[in-house]
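Structure record follows, encoded as structure tokens.
Model, not experiment: these values are computed from the prediction. Chain A is the first sequence line, chain B the second, and so forth, proteins listed ahead of strands; every chain is numbered from 1.
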Protein chains: 2
Amino acid sequence: MARDAHATRQRLLEAATAEFAEHGIAGARVDRVAAAAGCNKALIYSYFGNKDDLFEAAFARTIAEFYELVPFDAGDLPAYAGRLFDHYEAHPVTLRLSTWYRLERGNGVLPAVSAVNSVRLERLRQAQVDGAVATHFDPVQLLVLLQAIPAAWATTNPELADASTREFRRRTVVDAVKKLLA
Amino acid sequence: MARDAHATRQRLLEAATAEFAEHGIAGARVDRVAAAAGCNKALIYSYFGNKDDLFEAAFARTIAEFYELVPFDAGDLPAYAGRLFDHYEAHPVTLRLSTWYRLERGNGVLPAVSAVNSVRLERLRQAQVDGAVATHFDPVQLLVLLQAIPAAWATTNPELADASTREFRRRTVVDAVKKLLA
DNA sequence: ACTCTCTAACTAACTGGATAGTTACATAAC
DNA sequence: GTTATGTAACTATCCAGTTAGTTAGAGAGT
């Protein structure tokens, strides 16, 4: 078989992302990760160090990708919420991984996330100063609600989501954010 | 030592609730549950069958308690949301256990939760018919949002919650629901 | 009140399998 | 020929679950 360390590492990272998203850290199996990547598990230890660091790498990559795919827009928060919803429906791995992280890693502050939050808070503040965003809610309040509302359907008992169309679910999110800003 | 099967079972259930809330199913250790309950782990298998059924029992008890402590009120949804928020802050175990459940048990529908949701949806429908609740949002949409918003602070990056007062966080939840119903 | 029997309640030690991580080697490719 | 890349087999430990007991205590009999 052709040898390509970089390609192998990518396949391992992708397999790990799926495995951790599905099973969490404690429930994931490094043998399964290696099997899904089509290589030996000794490579996991060679490239990543240990299971924990493999998880960190998978998580960091998912978060980085997420921020890239769903850029914030303080100028149109309902549209941003809609895109966030779209991303969560298309990529359940993102929300699942961050949920596992919060449960298994404890409530430690994530530097990468904090940095992004700081920037967003400043943008929201500026948008309110510019009159582009209603000032009923503080920027912190808005940011917290903007994160929770697009994830609402993914965190409810499934029969509520299953009984509705994608468009209905999306409209719920977008309209809720519009209402908050009315 | 005095022997009391019922008391032992309760202590095991309480210890299990804490252990599963903290570590989830895969990460929990039956040895730790027994140690916390002050008895031998063979009793776990005697009373509950296996680790999975122990989790089910701990979860069912937490959910039943939760519904009892935070009754739904279609007549005053902002107040209900505030109480839900209060419960989540006072009892992190509730949200943590249900989050572990959703991640580790997959998106199976929970009969106990579905039953409660059905009743609540009917109450919301009736409240809208009576004109007591605004009809901008469908009952399903309202229920989903009413579940997500009170949990918003518990699911965000911690520095946002840590930098705010409890009253500020509570007001965010109550005001957000008021806004949705405006 | 005491003794004895029986059993529900409980325990210490064990088992078999699973698992993260390692090692000693093989081999592709430069 | 050398080395980066990769593997099969191994190891030590962990863990859910079980087993073969022990014992607390209830109840009957005296």
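With C:dT23, D:dG6, D:dG17 as the choices, the nucleotide that has an atom nearest any side-chain atom of B:N50 turns out to be D:dG17. Of all nucleotides listed (C:dT11, D:dT5, C:dT23), C:dT11 comes nearest to the side chain of B:L43. Side-chain atoms of A:K41 lie closest to D:dA9 of the nucleotides D:dA8, D:dA9, C:dA28. Among the nucleotides C:dT11, C:dA18, D:dT5, the one closest to any side-chain atom of A:R29 is C:dA18. The listed nucleotides are D:dT23, C:dT11, D:dA8; the one nearest the side chain of A:N40 is D:dA8.
With B:T156 contributing its side chain and B:A152 its backbone, the two residues share no donor-acceptor pair below 3.5 Å. A donor-acceptor distance shorter than 3.5 angstrom exists from the side chain of B:R96 to the backbone of B:E22, with no hydrogens or angles considered.
Side-chain N/O atoms of A:T8 include none lying less than 4.0 angstrom from OP1 or OP2 on D:dT5.
Taking atom OH of residue A:Y45 and atom C1' of nucleotide D:dA8, one finds them 15 Å apart after rounding to whole Å. Look at CD1 on B:I44: it is 11 Å from P on C:dT11, rounded to the nearest Å. Taking atom CG of residue B:D31 and atom C1' of nucleotide D:dG17, one finds them 10 Å apart after rounding to whole Å. If you take CZ of A:R3 and P of C:dT27, they are 9 Å apart, rounded to a whole angstrom. The distance between atom NZ of A:K51 and atom P of C:dT22, rounded to the nearest whole Å, is 14 Å. Rounded to whole Å, the distance from CG on B:D4 to C1' on D:dA26 is 14 Å. One interatomic measurement links the two molecules: CG of A:L12 to P of D:dT7, which rounds to 9 Å at whole-angstrom precision. Distance CD (B:Q10) to P (C:dA9): 14 Å, rounded to an integer number of Å.
No contact: A:S46 has no heavy atom under 4.0 Å from any strand. Looking at heavy-atom distances under 4.0 Å, B:F48 makes no contact with the nucleic acid at all. If you check every strand for non-hydrogen atoms under 4.0 Å, B:A5 touches sugar and phosphate atoms only. Residue contacts shown for A:A28 are limited to sugar-phosphate atoms, with no base heavy atom under 4.0 Å away.
DNA chain C is contacted by both A:V30 and A:A42; A:V30 maps to the nucleotide lying nearer its 5′ end (nearest heavy atom per residue). Sequence order on DNA chain C of the closest nucleotides to B:Y47 and A:I25 puts B:Y47 first from the 5' end.
The six-membered or imidazole ring of B:F55 lies away from that of B:F48, with a centre-to-centre distance of 6.0 Å or more.
Taking 4.0 Å as the cut-off between side-chain N and carboxylate O, A:K51 and A:E19 do not count as a salt-bridged pair.
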Identify each donor-acceptor pair in which a side-chain atom of residues 58-70 of chain A lies under 3.5 Å from a protein atom, sequence neighbours left out, and give them as a table.
| unit_1 | atom_1 | unit_2 | atom_2 | d |
| --- | --- | --- | --- | --- |
| A:T62 | OG1 | A:A58 | O | 2.8 |

